[in-house]
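So the structure is just underneath, and the comments pick up after that.
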Amino acid sequence: MLKNAEIKIYNTFTQRKEVLQPIEPGRIRIYVCGITTYDYSHLGHGRMLVAFDVVVRYLRARGFEVTYVRNITDIDDKILNRARENGELFSDLTARFIDAMHEDEQALAILPPDIEPRATEHISEIIAMIEKLIENENAYRAGNGDVYFEVESFPAYGKLSRKNLEDLLAGARVEVGELKRDPRDFALWKAAADGEVGWDSPWGYGRPGWHIECSAMSTNCLGEHFDIHGGGSDLMFPHHENEIAQSEAASGHKFANIWMHNGPLRVDDEKMSKSLGNFFTVREVLKNYDAEVVRYLLVASHYRSPINYSEHNLKQAAASLERLYSALKDIDTSGVKSLVNGRFEKAFYAAMDDDFNTAEGIKVLFDLAREINRRKSDDPEQASQLAELLVRLGDILGILQAPPEQFLQGSVQADVDPEYIESLIKQRQQARADKDWGRADAIRDELTRLNVVVEDSPEGSTWRIER
RNA sequence: GGCUGGAUGGCAGAGUGGUCAUGCAGCGGACUGCAACUCCGUUAACGCCGGUUCGAUUCCGACUCCAGCCUCCA
């Protein structure tokens with residue numbers, strides 16, 4: 001790949017794009033907040049997973065050795081509540097939804113992270129970090145066995161989400177029977193009763209609070225100081241703010257160099273959420289739309305922008321992908337010599353170097369497609385090389401990896417029998433040979449009824465699904 | 001109310017101080033038995049008001065509107 005990669009990334013922390021400067025030359029360590037597994041992944045999760053999948057794919061394409069850690073939070077109040085409602089073990093619940101998440105990931109062509117730590121497998125590290133925080137006088141035990149982080153003891157608190165401590169105090173809810181010294185303090189460890197899910201600790205039986213697991217797992221997997229920390233923008237406060245407080249209070253130095261936050265997924269211009277009833281799980285969506293079309297939709301906008309989920313936008317995504325795949329159709333790229341460092345590749349890298357501008361990168365893919373179409377007939381060798389490049393660049397975005405015919409002829413929206421289609425096409429070919437245009441058109445009408453479009457060319461007739 | 005981000009052609013969505021985004025849709029042409037695909041050409045935009053400038057959609061300021069976070073959330 002190109003040498004001297006200079007990649008700019010928007011750092012939420014500094015509110016500006018910064019040149020990525022690895023702590024260790026040639027190597028990037030990245031931690032992304034994954035999913036709390038108490039239900040099926042929704043499309044907002046899918047967006048996050050795809051966004052950081054592209055980040056990692058691109059960094060690798062640019063020659064970095066990447067260690068990608070994405071955690072699973074498998075112990076949490078929501079999990080325990082859901083398990084109780086279902087009358088099942090919390091570990092059975094999380095096992096089921098972790099499997100489901102992996103299936104969804106695979107469907108969306110999301111590469112697995114290098115390390116996928118689970119909170120329940122890092123309880124001892126969590127306890128060790130809490131002990132350290134108590135020792136450093138950043139945390140205290142409450143009378144009931146809870147342990148809280150003392151926000152006042154960490155003056156930089158609020159620097160990521162730009163909140164000042166006074167405002168937080170004014171806005172904090174004070175609950176009855178409050179065990180905290182200060183309403184802004186948050187739980188590191190929650191005491192549990194016998195019979196509830198928990199682990200033994202120096203403060204008695206209990207379980208970790210919500211934020212500490214990410215501090216413990218990231219530190220354990222990547223060290224106390226690493227390159228990139230990512231997650232959804234809705235995690236900025238309080239989750240990431242608390243992570244910074246915990247991690248930096250424990251280690252005494254900087255936590256992550258760059259903070260990346262992906263934008264929200266909206267439905268009808270509102271954030272997708274259960275309370276609004278506009279909630280889509282990944283698997284529901286994949287019943288009605290091809291996974292690659294969904295992925296294209298997620299990748300066609302910049303990762304920090306909101307994406308509006310709608311049937312209309314999915315249709316447009318399908319049309320765009322059809323154009324790209326049409327360019328690849330009938331081209332054999334096997335054994336083709338790779339075009340390296342040409343203008344298209346440079347333009348693509350320039351776009352992606354600028355804070356992973358996938359929308360600008362996709363423009364280059366369309367430029368490539370047009371060039372391929374121009375050359376298809378008179379310069380097939382050049383067309384093949386360009387097609388190989390198109391597929392290679394598509395891979396960085398996680399698209400265009402299927403055989404073109406497979407994409408163009410298969411679709412979850414139209415379940416057709418290829419043999420039947422082929423037989424109709426043959427009959428139509430005969431009718432055309434006989435110049436029986438009426439019959440040829442009647443057959444095409446029948447195909448249209450089946451959502452099939454026929455395309456005639458000097459080499460014969462091909463077909464595709466009308467999405 | 002505080003903090004962030006946004007407002008681009010019919011739709012989606014990038015970007016730039018003065019010459020093309022791109023895709024879909026539209027229009028004209030080529031190709032086609034007719035189509036489709038494809039190619040060539042083409043229409044069309046930068047919320048509002050000021051300022052800086054020879055020139056602003058792009059920089060600065062005010063305003064309006066929208067979204068997210070401030071409580072569990074990717």
Side-chain angles (χ1 to χ4, degrees), chain A residues 10 12 15 32-36 38-39 41-52 70 76-78 81 158 160-164 166-168 170-173 210 230-239 241 261-266 269-275 279 296-297 300-302 304-308 310 312-324 326-327 329-330 351 354 357-367 369-370 372-377 408 431-432 435-438 440-441 444-445 447-448 452-458 461-464 466:
Chain A
Y10 183 85
T12 313
Q15 295 178 292
V32 173
C33 287
I35 292 173
T36 301
Y38 70 104
D39 207 338
S41 303
H42 61 242
L43 209 52
H45 293 125
R47 204 239 162 128
M48 174 273 289
L49 296 168
V50 167
F52 288 102
R70 196 189 60 220
D76 156 272
D77 285 356
K78 289 190 295 295
N81 291 339
L160 173 69
S161 53
R162 265 156 271 278
K163 302 195 182 301
N164 68 60
E166 287 71 38
D167 289 350
L168 285 169
R173 294 186 309 187
W210 173 34
S233 52
D234 48 354
L235 290 185
M236 208 154 94
F237 187 90
H239 185 59
E241 198 68 71
H261 290 97
N262 63 274
L265 190 97
R266 292 185 191 164
D269 282 322
E270 284 182 300
K271 186 180 154 173
M272 185 167 81
S273 80
K274 284 187 173 173
S275 55
F279 185 85
Y296 182 93
L297 177 71
S301 301
H302 187 86
R304 285 189 280 119
S305 304
I307 292 178
N308 204 33
S310 70
H312 177 247
N313 288 350
L314 280 165
K315 285 217 158 69
Q316 291 211 352
S320 300
L321 261 186
E322 269 172 24
R323 175 161 169 82
L324 294 173
S326 296
K329 205 173 81 151
D330 304 323
D354 185 11
N357 193 338
T358 51
E360 188 74 14
I362 283 176
K363 165 203 171 343
V364 178
L365 265 35
F366 283 107
D367 291 344
R370 169 164 285 116
I372 291 167
N373 287 329
R374 279 179 187 145
R375 306 210 180 196
K376 245 176 184 172
S377 52
L408 295 168
R432 293 182 71 220
K435 299 208 189 299
D436 184 351
W437 308 127
D441 289 346
R444 184 162 57 202
D445 289 344
L447 288 164
T448 303
V452 172
V453 181
V454 201
E455 294 173 355
D456 300 330
S457 78
S461 298
T462 59
W463 60 277
R464 64 182 167 85
E466 176 75 43

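The same atom, P, is picked in B:rC20 and in B:rG29; the two are 27 Å apart, to the nearest Å. The same atom, C1', is picked in B:rC69 and in B:rG26; the two are 41 Å apart, to the nearest Å. Rounded to whole Å, the P atom of B:rA45 lies 15 Å from the corresponding atom of B:rU22. Spacing of P atoms, B:rG9 relative to B:rC63, comes out at 24 Å, to the nearest Å. For the C1' atoms, the distance from B:rA14 to B:rU57 is 13 Å, rounded to whole Å. Comparing B:rG17 with B:rC46, their C1' atoms are spaced 14 Å from each other, to the whole Å.
Rounding to whole angstrom units, CG of residue A:D234 and P of B:rU4 are separated by 18 Å. Remark: C1' of B:rU22 and OH of A:Y296 are 8 Å apart, rounded to the nearest angstrom. Between the P atom of B:rC11 and the CG atom of A:L297 lies a distance of 18 Å, rounded to the nearest Å.
In the set B:rU22, B:rA74, B:rG2, B:rU22 carries the atom at the smallest distance from any side-chain atom of A:K363. The side chain of A:Y10 approaches B:rG5 more closely than any other nucleotide in the set B:rC69, B:rG5, B:rC24. Distance from the side chain of A:Q15 is smallest for B:rG5 among the nucleotides B:rG5, B:rA12, B:rA74. If you check B:rA14, B:rC72, B:rG23 against the side chain of A:S320, the one that comes closest is B:rG23.
Contact check on A:D441 versus A:R444 returns a salt bridge, with a Lys/Arg side-chain nitrogen under 4.0 Å from an Asp/Glu carboxylate oxygen.
Evaluation of the salt bridge (Lys or Arg N to Asp or Glu O under 4.0 Å) rule for A:D436 yields no partner, not counting sequence neighbours. In this view, A:R323 satisfies the salt bridge (Lys or Arg N to Asp or Glu O under 4.0 Å) rule with no residue, not counting sequence neighbours. Applying the salt bridge (Lys or Arg N to Asp or Glu O under 4.0 Å) rule to A:D456 yields the partners A:R428, A:R432; only residues at least two apart in sequence or on another chain are considered.
Using a 4.0 Å heavy-atom cutoff across all strands shown, A:L365 reaches no nucleic acid atom at all. Among the heavy atoms of the strands, none lies under 4.0 Å from A:S377. Contact annotation for A:R162: backbone-only contact, meaning every heavy-atom pair under 4.0 Å involves sugar-phosphate atoms and none involves a base.
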- Task: Would you mind building the protein contact string for nucleotides 26-35 of chain B? One character per nucleotide, 5' to 3', B for base within reach (heavy atoms under 4.0 Å), S for sugar-phosphate only, - for untouched.
- Result: -------BBB
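Heavy-atom nearest nucleotides on RNA chain B were determined for A:Y38 and for A:R304, and the one closer to the 5' end corresponds to A:R304. Along RNA chain B, the nucleotide closest to A:N313 and the one closest to A:F237 are compared, and the more 5′ of them pairs with A:N313.
No N or O donor and acceptor, one from the side chain of A:E360 and one from the base of B:rG15, sit under 3.5 Å apart. You'll find a donor-acceptor pair under 3.5 Å spanning the side chain of A:H42 and the base of B:rA74, going by distance alone.
Geometrically, A:R70 does not engage A:F52 in a cation-pi contact defined by less than 6.0 Å to the ring centre and at most 45° from the axis.
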- Query: In dot-bracket, 5' to 3', how would RNA chain B read with Watson-Crick or G-U wobble pairs under 3.5 Å, [ ] for crossing ones and | for pairs to another strand?
  - Reply: (((((((..(((.....[...))).(((((.......)))))....(.(((..]....))).))))))))....
Show each protein N/O and nucleotides 38-43 of chain B N/O combination with a separation under 3.5 Å, one pair to a line.
from   : atom 1 : to     : atom 2 : distance (Å)
B:rU38 : OP1    : A:R323 : NH1    : 3.3
B:rU38 : O3'    : A:N373 : ND2    : 3.0
B:rC39 : OP1    : A:R323 : NH2    : 3.2
B:rC39 : OP1    : A:N373 : ND2    : 3.3
B:rC39 : OP2    : A:R323 : NH1    : 3.3
B:rC40 : OP1    : A:R374 : NE     : 2.5
B:rC40 : OP1    : A:R374 : NH2    : 2.4
B:rC40 : OP2    : A:R370 : NE     : 3.3

